[in-house]
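Contents: one structure, followed by commentary.
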Amino acid sequence: MTVERIFDELGHFKRYQARLYFAAVFQAVACGIHYLASVFLVETPNFVCGAPGNITAVLYDNITGSSLEDILPVIGSGSGGPLVVRTAEGEQWELSRCRCALRIKPKDFIYEFSGNKTVRECSGSFVYDHTEVHQSIVTDWDLVCDREWLAKLCQPTFMLGVLIGALVFGDMADRVGRVRILMFTSLCQFGLGVSVAFSLNYFFFVVLRFLLAMVSSGYLVVVFVYVTEFTGIKVRTWTSMHVHAAFAVGIMVVALTGYLVRVWWIYQIILSICTSPFLLFCWKFPETPFYLMAKGHFKETQTLLETIARINGVECRLKAEELLEAEKTENSKALLLQDKERPSKPEKKLSILDLFGSWRMAGRTCTVWAIWFIGSLGYYVFSLGSVYLGGNQYINLFLAGAVEIPSYLIGCFAMDRIGRKKTCAPALLLAGVACMLIIAVPADNNALAVVLSMIGKFAVAIAFGLIYLYTCELYPTIIRSLAVGSGSMMCRVGSVVAPFCVYLADVWIYLPQLIVGILAFIIGVLTLLLPETLGKPLTTTLEEAESLGCKKKSKKGAEGGMELNQSEAAKV
C-alpha cells in the first residue's frame, strides 16, 4: 500500500511511535484489571446460618468456643459437619451453611445427637468468617444459598457487556475516530469503576459493571487498531501481540491489590485509580494518519507527518495529498484489473456463508472459529479458575498473569521463525496434555496442579495471541474482515461461557481445566490441517485462499513443456 510509505520514510517504530505506543498500552492495564476484578469482589468466605438467639457456647467435634466468629476460622471452609450452639434460652441448634436444626429436648450439650430435630431453612441471617475476606458483595448482600446464583451471574453479565462493547465501540471508532473513543472509554472506565464501589445494592452493582465491561472492551478493541495504524509492518506483529502483555499486567495488579485490600469497595476504588494518570495526557493523543487521510483531512495529516518526522529525527518529504492521490490511483488500477479479469461476473454481495463456500473453506473456518473459542475460553478459565486450585489464591492469580508475558515473547519469535501453524498447533497440544495430566495429580499436591495449570495458560496465551494475524492471512481480501469479525464473535462466546465452566469446580476442583485440556488437544490436532502462511503474500480471491497449502500441480511438467516448446521452436 502507498500509505505504508509513511513508515518507510519516518520509521516503523522510532521515538514518536514508542512514546505513543506505551502511553496507549498503559491504559490497557485497566482493561485487564476490570475483566478479572470480580475474582475477589464476589469471593465467598466460610459461613453458617445465624442462630435465633444469643449464643453462649459453640461446639464442633472436640473444638469449643463462645462465639461463631471464634470457631469459623479454626474449622475452615471444608467442614464436614454442622456447628452445634447453645443459646441463652437453653436451646441447642445445629448450624450448617444453608440450614439449621433445633434439637428436641436434648439432655447434654454434646456434638453427636440421635434425638429428634426440627429442620428449617436459614431465615436470612448468616455469620461469615472474616479472617481472609473482610467484606465482599457476598457478605454485604448475603449472596449465598438460594441467592448464590446472583453472585455467579456477575462475571457472565460482565462478559456479555464485553461482547456488546466490542461491537458498539468498534463501529463507532470508524465513524468518529479512534482518539475520541479512546478518550471516552478511558474516562468512563475511571468514572464507572469508582461508581461500582458505591453501589447501593446488587442491581446497581451489576448494571454499573455491565457498562464498565462495555467501555473496557471498547478501549481494548480500539487500542489494537490505534497502535497498528501508528506502527510499520516490520514491528506490527510484536506491537499488536504485546497489548495482551499489558492486559496480563492488569491481572497481576488485581492479585496484588486483592492480597493487600480485603474490603471490596476500597479494593474497587484502588483498582479504578491505578491507571488514572492516563487521563491527564490522553487528550493530547493525535488521530492516526490512516483515519485522517480516509476522511480527507490533509492539513491535519501533513502536520502530524511533520511532527512524527521531527521527533524521530528524520526529514519529512511526504505530502498528504500526494499519498492519497497515489492510493486512489493504485485502487483504481486494481479495480480495473479485476474488471478486465472478470468482465462477465456481476459484483457479488458477500456474506458469512462465503466462509463456507467449499468443503476446504468450511473445514478451515470451523477450525479457525474453534481456535478463537478455545483461546478465549482457556484464557479466562485459567485466569478466573486459578483461585480455586488450592494453595495461595493470590499467588496463583499473579502467576496466571505473569506467565503470559514470556508466552507472547516466545510466540512472536516462533511465528516469524517456524511459522503460524507450527506455533499454534503445538501450543494447543501442549495446553491439552498439561491440563489432562491434572487427572493424575494427587489430591494433596496443589503445587503440581498449579504448575500444570500455568503451563496450560502459557500455551493457550500463545495461540490466543497469534490467531488474529493468522486469520488475516488465511482468508482473502474480499472476506478478510468478515472472517476476523466472525472469529472475534466466537472469542466473545468463549468469554461468556468461561465463567460457567469455572463454576464446574464445585463438582470437581480440576474439572474446568480438564474440559479446556480435552478441547485444546482436539483443536490442536485439527490445526495441523490448516495451511502455513509464513512468508506467503496475502490472498485477494477465494480461489487463491483455497489453494493455500495445496501442492502446485504439474509445475515441473509445465516447465518441462515450456522447455520442449522452446527447443522445438529453435529447431524450426
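All of these numbers come straight from a predicted model, not from anything done at the bench.
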Exercise. When rounded to the nearest 0.5 angstrom, what is the spacing between SG in Cys435 and NZ in Lys457?
Worked result: 11.5 Å
Exercise. Given Arg99 and Cys49, is the side chain to side chain contact (heavy atoms under 4.5 Å, CB included) satisfied, shown in steps?
Worked result: CA-CA 7 Å; Arg99 290 179 177 81; Cys49 286; 5.6 Å; no
For this session: Anything under 30° is parallel, anything over 60° is perpendicular, the rest tilted; go ahead and classify Trp265 against Phe198.
Result: tilted
Exercise. Are the side chain of Tyr503 and the backbone of Lys152 linked by a donor-acceptor contact shorter than 3.5 Å?
Worked result: yes
Seminar exercise, completed: Interatomic distance, CG@Leu83 vs CD1@Ile63, rounded to 0.5 Å, equals 9.0 Å
For this session: Determine whether the aromatic ring centres of Phe464 and Tyr380 lie less than 6.0 Å apart.
Result: no
Problem set entry | Partner residues of Phe204 under the ring pair (Phe, Tyr, Trp, His ring centres under 6.0 Å) criterion, sequence neighbours left out | none
For this session: Start with the C-alpha distance between Thr87 and Trp93, add both sets of side-chain angles, then the distance that settles side chain to side chain donor-acceptor pair (under 3.5 Å), and finish with yes or no.
Result: CA-CA 8 Å; Thr87 65; Trp93 291 84; 5.0 Å; no
Problem set entry | Centroid-centroid under 6.0 Å between Tyr35 and Phe158 rings | yes
For this session: Look up atom CG in Asp129 and atom CG in Asp70, then write down how far apart they are to the nearest 0.5 Å.
Result: 11.0 Å
Exercise. Counting only N and O atoms by type, is there a donor-acceptor contact under 3.5 Å from the side chain of Thr139 to the main-chain atoms of Gln135?
Worked result: no
Exercise. What class does the angle between the rings of Phe47 and Tyr128 fall in, given that below 30° is parallel, 30 to 60° is tilted and above 60° is perpendicular?
Worked result: tilted
Exercise. Taking atom types as modelled and ignoring hydrogens, do the side chains of Glu132 and Gln393 form a donor-acceptor contact shorter than 3.5 angstrom?
Worked result: no
Exercise. For the atom pair CD1 (Ile137) and CD (Glu43), what is the distance rounded to the nearest 0.5 Å?
Worked result: 11.5 Å
Exercise. Are side-chain heavy atoms of Tyr394 and Phe40 found at a separation under 4.5 Å?
Worked result: yes
Problem set entry | Separation between SG of Cys491 and CH2 of Trp369, rounded to the nearest 0.5 Å | 13.5 Å
For this session: Would you please indicate yes or no on a ring centroid separation below 6.0 angstrom for Phe278 and Phe281?
Result: yes
Exercise. Passes side chain to side chain contact (heavy atoms under 4.5 Å, CB included), Leu514 versus Tyr510? Steps please.
Worked result: CA-CA 6 Å; Leu514 181 60; Tyr510 302 134; 5.7 Å; no
Exercise. Is the gap between the ring centers of His242 and Phe22 under 6.0 Å?
Worked result: no
For this session: State whether the side chain of Ser186 and the backbone N or O of Leu279 hold a donor-acceptor pair below 3.5 Å, judged by distance alone.
Result: no
Problem set entry | Distance, nearest 0.5 Å, that separates OG of Ser199 from CD of Gln268 | 8.0 Å
